[in-house]
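Fair warning: this is a prediction, and the values are worked out from it, not measured in the lab. Reckoned from all heavy atoms, side chains included, excluding hydrogens, waters and symmetry mates.
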Amino acid sequence: MKSILLTTTALVAFAGAAVADGHTGVSFGGDAALGYNDTTGGDYDGFYWDSTLNVGYAQDLDNGVTAGVKFNIDIQEDGTAQGTTGGNTNLNADDWQVFLKTDAATLTYGDTGTAANSLWSAAGDMESDGFTSDWTDGPADAVGVLRLDATIGTVSASVSGIMSNATGTSELDQTSVAVKADVAGATVAVAYEEATTLVEAGDFNNDEIFGLSVGFAAAGANFTVAYAEDEDSNSTGVKASMPVGAVTVTGYYVDESVGDANYGINAKYAADALTVALDYQDDQGVTKVGIDGTYDLGNGLTVLAGMYDQSDDTTAANNGTDTYVAASYDLGGGAALLVSYTDAETAGAIADDEVGGPDYQVGTTVVATFKF
C-alpha cells in the first residue's frame with residue numbers, strides 16, 4: 001500500500017517540479033454556450049449560459065519521461081448557477097488526471113477509465129460484461145482510478161484499481177486487468193475485474209467479471225465473437241459488420257443464460273451530403289427502433305431529423321416515441337448556431353433531457369456555441 005501511495009505522490013511531485021522550473025508546456029482550450037430552452041424540468045430552463053475551460057500542462061523530464069496534468073473547469077455547468085446572488089458563478093473542476101508517460105507506458109491517476117473497460121471488445125449488447133465504465137457513479141468513498149498502460153509490439157496491457165477511502169485510509173480496490181493482442185490475423189482481448197464491497201450504482205459494478213473476445217475479418221466482413229460472465233450469469237455473442245456500397249450493415253446476436261436473447265441490426269447509408277442510420281434492437285424483450293438522418297446543404301447549414309420508438313411489455317413508463325428536428329449553422333471560427341425541437345415520451349429521454357442520437361434537449365432550444 002505504501003508503494004502505491006508513494007507512486008501517486010510522485011506523480012503530483014513531478015508535475016509540481018515542472019511548474020517550479022518554469023519549463024512547463026501549458027495549453028488552454030474551452031467552449032461556451034448561450035441559449036434558450038422553453039421546457040422546465042430539464043438541464044436548462046429559460047435563458048442559460050455555461051462554459052468549460054480545458055487546462056493541460058506537461059514537462060519532458062531528462063530521463064525520457066513526460067509528467068503532466070490535465071483537468072476541466074466548468075463554469076455554471078448545466079445552468080445550475082443561474083440566479084446566484086451578487087452575480088457570482090459556480091466553478092467545478094472535473095476530468096482531472098495526473099500522469100507519467102514514456103514511449104511504451106503511461107501511469108495515470110485521476111478521473112480515468114478502468115483497465116477492463118478500456119480494452120474490452122463486446123459482441124453486441126451483452127448483459128454479463130458490465131465492467132465498471134464510470135467509477136464516479138460509485139459511492140463517495142471512491143476517489144479516483146490508478147491505471148498503468150503498456151504497449152509492446154502488437155500487445156497492449158492495462159492494470160488498474162479504484163482508489164477508495166472506505167476504510168478511512170486510501171487503498172486500491174477492485175483490481176482490473178486487461179490484455180489485447182494481434183494473434184494470427186485476429187485481435188484477442190481478455191479482461192478481468194475483481195469483486196468489491198463498495199456499493200453498486202449506475203455504471204459502477206461490484207461483481208467479479210471475466211470476458212474473452214476475438215475479432216477477425218473474413219469474406220469482406222468484420223466479426224467479433226465474445227464470451228462474458230459475472231457472478232450471476234453469462235453471455236455469448238457474435239457481431240458482424242459489412243459494407244455494401246454506400247451502406248454499412250451491422251448485426252449481433254447474444255445468447256443469455258438468464259433472460260431472453262439480445263439481438264439487433266443497424267444499417268447506415270452515407271453518400272455525398274446525406275447520412276441516414278436505421279437501428280433495431282430487442283434488449284431483454286424491450287423493442288427499440290431508431291432512425292437518424294442528416295443532410296448537409298453545403299453552405300454551412302445542416303438539417304437533422306430522427307425518431308426513436310421503444311416498446312416494453314412489462315414497464316409502461318418505458319413505452320413511447322421520441323422525435324426531433326433540428327438545423328445547425330456553422331458561423332465559422334469554431335462558432336455554431338443550433339435550433340432544435342423535440343417531443344419526448346419515453347421515461348429515459350425525459351429524465352435525461354436527451355432526445356435522439358444527437359441528445360437534444362426536450363422542447364424548443366436555440367443555442368449559440370463557441371470553441372476556443
Side-chain angles (χ1 to χ4, degrees), residues 15 19 24-39 42-59 66 68-82 84 87-99 101 106 108 110-113 118 133-134 136 268 270 272-275 277 292-306 324-342 349 352-372:
V19 174
T24 302
V26 181
S27 63
F28 294 96
D31 57 72
L34 175 64
Y36 173 83
N37 177 262
D38 70 347
T39 303
D43 290 337
Y44 305 100
D45 302 331
F47 286 98
Y48 65 90
W49 76 276
D50 67 12
S51 181
T52 299
L53 175 66
N54 311 120
V55 183
Y57 40 94
Q59 171 69 29
T66 299
V69 176
K70 57 183 178 180
F71 57 90
N72 298 334
I73 299 176
D74 297 312
I75 307 170
Q76 298 205 170
E77 182 182 25
D78 292 343
T80 54
Q82 296 179 89
T84 53
N88 295 325
T89 59
N90 287 345
L91 300 179
N92 175 55
D94 59 14
D95 295 338
W96 58 276
Q97 295 180 12
V98 185
F99 62 87
K101 183 177 181 180
T106 302
T108 305
D111 189 358
T112 187
S118 66
S133 59
D134 190 350
T136 62
K268 182 176 181 180
D272 299 324
L274 179 64
T275 300
D292 295 284
T294 65
Y295 187 79
D296 187 347
L297 295 176
N299 57 357
L301 181 64
T302 301
V303 292
L304 310 93
Y324 71 87
V325 291
S328 176
Y329 185 70
D330 185 355
L331 299 173
L337 177 67
L338 171 71
V339 180
S340 65
Y341 172 78
T342 72
D352 297 337
D353 198 25
E354 297 176 349
V355 177
D359 290 338
Y360 293 130
Q361 299 176 67
V362 175
T364 300
T365 303
V366 180
V367 58
T369 58
F370 309 88
K371 292 185 180 298
F372 306 96

(message) Return the OG1 to CG distance between T369 and L338, rounded to the nearest 0.5 Å.
(response) 7.5 Å

(message) With rounding to the nearest 0.5 angstrom, report the CD to CZ distance, Q97 to F71.
(response) 12.0 Å

(message) Taking the side chain as everything from C-beta on, heavy atoms only, tell me whether L331 gets closer than 4.5 Å to Y329.
(response) yes

(request) Kindly write out the residues that satisfy side chain to side chain contact (heavy atoms under 4.5 Å, CB included) with T52, not counting sequence neighbours, or none if the list is empty. (result) D31, N54, N72, D74

(request) For A335 and F370, work out which heavy atoms get closest and say how close. (result) CB-CD2, 3.7 Å

(message) Is it true that, when you exclude D272 itself, more than 12 heavy atoms of the residues, nucleotides or ligands shown sit nearer than 6.0 Å to its CG?
(response) no

(message) With rounding to the nearest 0.5 angstrom, report the CG to OH distance, D359 to Y324.
(response) 9.5 Å

(message) Please give me the minimum heavy-atom distance between G29 and L53, naming the atom from each residue.
(response) O-CD1, 3.4 Å

(message) Quick one: does any side-chain atom of S340 pair with a main-chain N or O of Y360 as donor and acceptor, under 3.5 Å?
(response) no

(request) Hey, could you give me the OG1/CG distance between T365 and D353, rounded to the nearest 0.5 Å? (result) 7.5 Å

(message) Distance check, rounded to the nearest 0.5 Å: S51 atom OG versus L34 atom CG?
(response) 11.0 Å

(message) Restricting to ring-ring contact (aromatic ring centres under 6.0 Å, His included), what partner residues turn up for Y36, sequence neighbours left out?
(response) F47

(request) Evaluate the side-chain proximity of Q361 to Y44: yes if any heavy-atom separation is below 4.5 Å, no if none is. (result) yes

(message) Please report the interatomic distance OG1(T275) to NZ(K268), rounded to the nearest 0.5 Å.
(response) 6.0 Å

(request) Dump the intermediate steps for side-chain contact (heavy atoms from CB on, under 4.5 Å) on V366 and L337, then the final yes or no. (result) CA-CA 7 Å; V366 180; L337 177 67; 4.3 Å; yes

(message) Are the side chains of D292 and P358 in contact, using a 4.5 Å heavy-atom criterion?
(response) yes

(request) Begin with the C-alpha distance, continue with both residues' side-chain angles, and end with the deciding distance and a verdict on side-chain hydrogen bond (donor to acceptor under 3.5 Å, both in side chains) for Y48 and D43. (result) CA-CA 10 Å; Y48 65 90; D43 290 337; over 6 Å; no

(request) May I ask you to decide if T136's main-chain N or O and D134's side chain share a donor-acceptor pair within less than 3.5 Å? (result) yes

